[in-house]
Amino acid sequence: MHLQRIQSFIEIARYQSFTKAAQSLLISQPALSRQMKKLEEELGFPLFLTSRTGIELTAKSKALHEELAPLFSQITNIIEHYQTEGRIRFGSTPYISTYYMNDFMPSLNTIDILVTEVRQNSRELLPLLENRTIDAAIVEGPPEWEDLCSSFLFRDHYVAAVSNDSPLAGLKEVSMGDCLKEHQILPAENKRFTNAFQYLAEKTGRSYKSTAVHDHAHSGFVSQGMGIAYFPELMAKHIEYRGITFLPIQERPLYRDMYLASTSPSAFQRLLHVFG
């Protein structure tokens with residue numbers, strides 16, 4: 001039985017509200033509801049009754065709460081005592097480490113943080129959080145796993161990358177219509193981006209031809225005039241690829257929302273103090 005589910009149950013009992021408890025726990029309400037469903041399955045009895053004024057505890061869950069609340073408070077105090085100065089094992093991507101975290105280094109140096117895992121796609125860090133290989137990470141989200149503390153950090157828009165020889169290279173910005181006239185160089189591994197791009201293309205009513213390639217090959221394809229690709233602005237504004245021009249996309253329709261996620265409330269608060 002997960003300690004996080006017990007904490008969530010106690011918070012719901014405290015506020016008599018799933019919405020307020022979710023806000024207090026820094027998780028989504030659907031994730032909180034899934035936690036309680038699993039806890040009810042483990043316990044073998046219902047925890048809540050729905051009323052006109054909100055939710056109420058059942059007689060059995062009320063008795064459970066009266067016994068658990070003081071014990072959990074004691075457990076939380078003990079854990080936080082040992083976690084407060086503990087090392088934070090952090091998962092990252094090369095882009096986040098180089099182009100985002102670098103701006104926070106003076107503050108990060110005041111806490112004990114070590115990047116122990118690096119993945120090309122931030123979503124690959126979520127399983128490492130689940131199995132407690134790492135304590136925290138910045139991931140594309142929102143993360144929907146029930147045992148994670150999470151908070152929105154920033155929105156990273158994508159920009160178009162075209163060859164310097166392309167007629168588009170002389171523009172100050174491009175439209176999605178301009179982009180879709182070109183051959184598309186899309187990421188083979190990033191399904192979230194590909195799905196978002198396909199949705200936007202369908203909204204314009206345009207068809208397009210594409211080639212799926214590894215992230216590291218995008219610049220080579222573009223510089224050789226083989227198509228148009230899309231790079232996170234966080235990276236594009238810090239680097240310069242030979243033979244490539246980066247262009248903003250009108251209305252900035254392509255983006256990724258980045259979240260701080262952690263399995264440790266203590267580590268989460270320490271990091272949120274830095275990044276937030």
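Note that the coordinates shown come from a computational prediction; the quantities given were computed from them, not determined experimentally.
Residue-environment remark: CD (E67) stays at or below the threshold of 12 foreign heavy atoms within 6.0 Å. Counting heavy atoms of neighbouring residues, nucleotides and ligands inside a 6.0 Å radius, atom CD of Q224 does not exceed 12 of them.
Grouping the Ile, Leu, Val, Met, Phe, Trp and Tyr side chains by contacts below 4.5 angstrom, directly or via other members, places F104 apart from L114. Tracing side-chain contacts under 4.5 Å through hydrophobic residues (I, L, V, M, F, W, Y), one never reaches L49 starting from L43; they form parts of separate clusters. No single ILVMFWY cluster, assembled from side-chain heavy atoms under 4.5 Å apart, contains both I6 and Y15. Linking Ile, Leu, Val, Met, Phe, Trp and Tyr whenever their side-chain heavy atoms come within less than 4.5 Å leaves F221 and F246 in two separate clusters. L171 and M176 fall within a single hydrophobic cluster, where Ile, Leu, Val, Met, Phe, Trp and Tyr are joined by side-chain heavy atoms under 4.5 Å apart, directly or via other members.
Atom-to-atom distance recorded for T116:OG1 and R87:CZ is 9.5 Å, nearest 0.5 angstrom. Considering CG of D165 and OG of S223, their distance stands at 10.0 Å, rounded to 0.5 Å. With values rounded to the nearest 0.5 angstrom, I10 atom CD1 is found 8.5 Å from L64 atom CG. Atom CZ of F90 sits about 8.5 Å away from atom CG of L125, to the nearest 0.5 Å. Note that CG of L272 is 7.5 Å distant from CG of L153, once rounded to the nearest 0.5 Å. Atom-to-atom distance recorded for L148:CG and L260:CG is 10.0 Å, nearest 0.5 angstrom.
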Item to check | Evaluation steps, side-chain contact (heavy atoms from CB on, under 4.5 Å), between T93 and Q120 | outcome: CA-CA 5 Å; T93 66; Q120 291 299 321; over 6 Å; no

Next on the checklist: Walk me through whether L168 and E182 qualify under side-chain contact (heavy atoms from CB on, under 4.5 Å).
Outcome noted: CA-CA 10 Å; L168 297 178; E182 307 296 315; 3.9 Å; yes

Next on the checklist: Could you go through S163 and S166, starting from their C-alpha distance and side-chain angles, then the distance that decides it, and tell me whether this counts as side chain to side chain donor-acceptor pair (under 3.5 Å)?
Outcome noted: CA-CA 5 Å; S163 166; S166 168; over 6 Å; no

Item to check | Y158 vs Y255, ring-ring contact (aromatic ring centres under 6.0 Å, His included): CA-CA, chis, key distance, verdict | outcome: CA-CA 5 Å; Y158 284 88; Y255 59 85; 8.8 Å; no

Checklist entry - Would R256 and H157 count as a side-chain contact (heavy atoms from CB on, under 4.5 Å) if you check the C-alpha gap in whole Å, the side-chain angles of each, and the deciding distance to 0.1 Å? => result CA-CA 6 Å; R256 55 179 185 169; H157 292 89; over 6 Å; no

Item to check | Derivation and outcome, side-chain contact (heavy atoms from CB on, under 4.5 Å), residues Y208 and L186 | outcome: CA-CA 11 Å; Y208 61 89; L186 299 177; 4.2 Å; yes

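Centroid-to-centroid, the aromatic rings of F197 and Y230 come within less than 6.0 Å. Residues F275 and F154 keep their aromatic ring centres 6.0 Å or farther apart. Residues Y100 and Y95 keep their aromatic ring centres 6.0 Å or farther apart.
Judged purely by atom type and a 3.5 angstrom limit, T58 uses its side chain to pair as donor or acceptor with the backbone of P46. Between the side chain of D156 and the backbone N or O of L234, at least one donor-acceptor pair lies under 3.5 Å. Judged by distance alone, the side chain of D178 and the main-chain N or O of V174 form no donor-acceptor pair under 3.5 Å. Judged by distance alone, the side chain of R192 and the main-chain N or O of G141 form a donor-acceptor pair under 3.5 Å. Listed for the D257 side chain is no donor-acceptor partner under 3.5 Å among the backbone atoms of R155.
Of the N and O atoms on the side chains of Q35 and S8, at least one donor lies less than 3.5 Å from an acceptor on the other residue. A side-chain N or O of N164 and one of T245 form a donor-acceptor pair less than 3.5 Å apart. A donor-acceptor contact closer than 3.5 angstrom is absent between the side chains of S122 and E140. A side-chain N or O of T211 and one of H183 form a donor-acceptor pair less than 3.5 Å apart.
Using cut-offs of 30° and 60° on the angle between ring planes, the pair F48 and F9 is tilted.
Partner of C149 under the side chain to side chain contact (heavy atoms under 4.5 Å, CB included) criterion, chosen from P143, S264, P265, S266: P265.
Residues I239 and Y241 have side chains in contact (heavy-atom distance under 4.5 Å, counting atoms from C-beta outward). Residues E233 and R252 have side chains in contact (heavy-atom distance under 4.5 Å, counting atoms from C-beta outward). Under the 4.5 Å side-chain criterion, counting only non-hydrogen atoms from C-beta, E42 is in contact with R5. Put simply, the side chain of E66 reaches to within 4.5 Å of the side chain of K62, judged on heavy atoms. Side-chain contact between I96 and M258: present, with at least one pair of heavy atoms (C-beta onward) separated by less than 4.5 Å. Within the 4.5 Å cutoff, side-chain heavy atoms of T263 are placed close to those of R132. Between H65 and R14 the shortest side-chain heavy-atom distance does not fall below 4.5 Å. For the pair V159 and I249, the minimum side-chain heavy-atom distance is 4.5 Å or more.
The nearest pair of heavy atoms linking L32 to A22 is CD2-N, 3.6 Å. Looking at every heavy atom in both residues, L271 comes nearest to A136 through CD1-CB, 3.4 Å. Nearest heavy atom pair, residue S107 against residue V274, reads CB-CG1, 3.8 Å. E40 and L47 get closest at one heavy-atom pair: OE2-N, 2.8 Å. Closest heavy-atom contact between H214 and A188: N-CB, 4.4 Å. The two residues L129 and S262 have their closest heavy-atom pair at CD2-CA, 4.5 Å.
Comment: R119 engages E117 in a salt bridge, judged by a side-chain N to carboxylate O separation of less than 4.0 angstrom. A salt bridge between K20 and E11 is absent, with no side-chain N of the basic residue lying under 4.0 Å from a carboxylate O of the acidic one.
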